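Scroll down for the structure; my scribbles are underneath it.
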Amino acid sequence: MTEVTTTAGASGKIILFGEHAVVYNRPAIAVPVTEVGATATVTDRSVGNGCLIIAHDLQREFLLSTAAEDDALALIVRLTLAELGLSADPDWRIEVRSTIPIASGLGSGAAVSTAIVRAIHRHVGRAASPDVVSALVYRSEEVHHGTPSGIDNTVIAYERPVWFVRGEPIRSFVPAQPFLIAIADSGIASPTRQAVGDVRRAWQAQTAQYEAWFDEVGEIVHAARRAIEDGNVAQLGPLMDANQRLLSQIGVSCRELDLLIDVARAAGAAGAKLSGGGRGGNLIAAVDEKTAAAVADALTAAGAKRVIVTEVKNEE
Ligand code: PMV
C-alpha cells in the first residue's frame with residue numbers, strides 16, 4: 001500500500017507591544033516569526049489500533065486512545081476530528097516537529113496545535129480557514145492556560161501582524177514597509193502564569209496606579225500601530241523604550257533583562273523591551289540592516305541563549 005502523507009506547518013509569534021496591559025483590555029500588537037516553526041504530518045496506516053501520535057522533539061510516542069483527557073497533543077487532535085465530524089480514532093500516524101523553543105513566548109504550543117489542525121484538514125481534503133483554526137487552537141489553549149488572551153492562536157492562524165483587544169474581533173493589518181526586529185532569549189525560564197498572577201495581585205492592591213500605567217501602555221500601542229501602518233518604523237525604537245519603562249514599573253522586568261536591553265541599545269538598536277510574560281524569557285530590539293548583526297553579536301556575547309533576527313513583512 002502506498003502511504004498517503006500530508007504535511008502542514010505554522011510559524012511562531014512574538015508580542016511587539018502591550019503585554020500584560022492586554023489582560024486588562026488594552027490593545028496589543030503581535031507578529032508572526034517565520035524563522036521558527038512547527039510541522040505536522042498525517043500518514044494513513046493499516047495497523048488497526050487507531051491514531052498514533054509521535055512528537056519528535058518531546059521524545060513522545062503514544063496512541064490517541066491511551067492519552068489523558070487533558071494531554072495537549074491528544075486534545076487538539078480530538079477537537080479537530082470532532083469539528084470535522086470524522087471518526088474519533090482514525091488509523092493514522094501524526095508526527096509533529098518544532099524548531100520553536102518551548103515556554104519562551106514564541107507561541108510553540110499554539111504553533112504545534114495549528115500545524116496539527118491544518119494537517120488534519122488537508123489530509124481529508126477540507127479547507128482550514130484562519131478563523132476555524134484560531135478557534136480550535138484557542139479551545140485547546142484554554143485547557144492549559146486557563147484564560148489565554150487569544151493572541152497566540154490569532155497571530156499564528158492568520159500569519160499577519162495582529163491588533164488585538166480582548167473580547168473584540170481580531171484585526172490583522174499590513175505594515176507599510178517591512179522592518180527588522182532582533183529577538184533574544186535571556187535563558188531565564190519564567191512561567192507567564194506566575195507573572196500574570198503577580199500583576200493581578202498588585203493591580204488589586206493599587207488599582208488606580210496600575211490602571212493609569214495600562215492606559216499609558218495603550219497609548220504607546222496605538223502610536224506603534226500608526227507608525228507601522230504609516231511606514232514610520234524609526235519611531236518603533238523609542239516606543240519600545242517607553243513600553244519597557246512601564247513594564248518595569250508594572251514589575252515584570254528583571255535585572256538580567258534590563259542588562260540585555262542596555263546591551264542591545266549600546267550596540268545600535270533603536271530601542272528594546274521585554275516581550276511576553278517578562279521576569280525572563282525574551283526581549284526584542286528594533287534593528288535595521290546596518291545594526292542587526294552587531295546587536296545580535298552583542299546580545300550573544302552578553303549571555304543571550306539564542307538570537308533570531310526576523311523581518312516583519314508587508315505582505316497582504
Ligand atoms: O509570554 P507570551 O508571549 O505568551 O505572552 C504573555 C502575554 C501576557 O499579556 C503577559 C499574558 C496574556 O495572556 O496576554
Side-chain angles (χ1 to χ4, degrees), residues 6-10 12-13 23 37-98 100-124 126 128-157 166-167 189-197 200 276-277:
T6 320
T7 298
K13 77 98 201 5
V23 176
T39 58
T41 300
V42 180
T43 306
D44 287 332
R45 51 186 214 132
S46 49
V47 179
N49 61 354
C51 186
L52 176 70
I53 300 175
I54 303 172
H56 290 280
D57 310 286
L58 303 173
Q59 275 98 44
R60 288 188 64 201
E61 181 167 334
F62 60 97
L63 287 169
L64 181 61
S65 57
T66 62
E69 199 80 0
D70 63 350
D71 180 276
L73 294 171
L75 179 68
I76 191 65
V77 172
R78 289 188 182 122
L79 286 169
T80 311
L81 293 171
E83 167 80 19
L84 289 169
L86 297 171
S87 145
D89 197 12
D91 219 5
W92 288 347
R93 182 171 69 244
I94 300 181
E95 289 178 77
V96 182
R97 289 185 171 81
S98 172
I100 311 176
I102 293 166
S104 68
L106 285 166
S108 99
V112 165
S113 293
T114 299
I116 290 174
V117 175
R118 287 178 175 157
I120 292 177
H121 276 74
R122 194 170 286 173
H123 194 67
V124 298
R126 300 272 290 271
S129 69
D131 34 327
V132 166
V133 175
S134 184
L136 281 170
V137 175
Y138 183 80
R139 278 167 61 199
S140 74
E141 299 245 295
E142 250 177 340
V143 172
H144 296 279
H145 305 297
T147 52
S149 62
I151 288 185
D152 286 21
N153 51 289
T154 305
V155 184
I156 293 171
R166 227 182 160 121
S190 169
T192 294
R193 191 189 270 270
Q194 176 82 41
V196 170
R200 181 153 302 271

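These numbers were taken from a predicted model, which means no experiment stands behind them.
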Please identify each residue that fulfils side chain to side chain donor-acceptor pair (under 3.5 Å) with Glu83, with sequence neighbours left out. none
Asp57 side chain to Ser98 backbone, donor-acceptor under 3.5 Å: yes
How close do Gly277 and Ala195 get, counting heavy atoms only, and between which atoms? O-CB, 3.4 Å
For the atom pair CG (Leu84) and CG (Leu79), what is the distance rounded to the nearest 0.5 Å? 11.0 Å
Pairs of donor and acceptor atoms involving the side chains of residues 60-69, under 3.5 Å and at least two apart or interchain, shall be tabulated with distances.
from	atom 1	to	atom 2	distance (Å)
Arg60	NH1	Asp71	OD2	3.0
Arg60	NH2	Asp71	OD2	2.6
Thr66	OG1	Leu63	O	2.7

Report yes or no: does Asp91 contribute a side-chain atom to a donor-acceptor pair with the main-chain N or O of Gly50 at less than 3.5 Å? yes
What closest approach, in Å, do Ile100 and Ala111 show between heavy atoms, and which atom pair accounts for it? CD1-CB, 3.4 Å
Steps toward side-chain contact (heavy atoms from CB on, under 4.5 Å) verdict (His123, Asp44): CA-CA 9 Å; His123 194 67; Asp44 287 332; 2.8 Å; yes
Closest heavy-atom pair, Ser87 versus Leu81, reported as atoms and distance to 0.1 Å, is O-CD1, 3.7 Å
Residues Ile94 and Cys51: closest non-hydrogen pair is CD1-SG, 3.7 Å
Atom of Ile156, atom of Arg118 and distance for their closest heavy-atom approach: O-NH2, 3.3 Å
What residues, two or more places apart in sequence or in another chain, satisfy side chain to side chain contact (heavy atoms under 4.5 Å, CB included) together with Ala40? Ala115, Ile116, Ala119
Nearest 0.5 Å please: distance from the CG atom of Asp89 over to the CZ atom of Arg78. 8.5 Å
Pick out which of Val112, Leu75, Thr80, Leu73 makes a side-chain contact (heavy atoms from CB on, under 4.5 Å) with Ser140. Leu75
For Gly105, does its backbone N or O pair with a side-chain atom of Lys13 as donor and acceptor, under 3.5 Å? yes
State the CD1-OG1 distance between Ile76 and Thr114, to the nearest 0.5 angstrom. 7.5 Å
Are Arg126 and Ile120 packed together at the side-chain level, in the sense that at least one heavy-atom pair is separated by less than 4.5 angstrom? no
Nearest non-hydrogen partners of Trp92 and Arg45, listed with the distance: O-NE, 3.2 Å
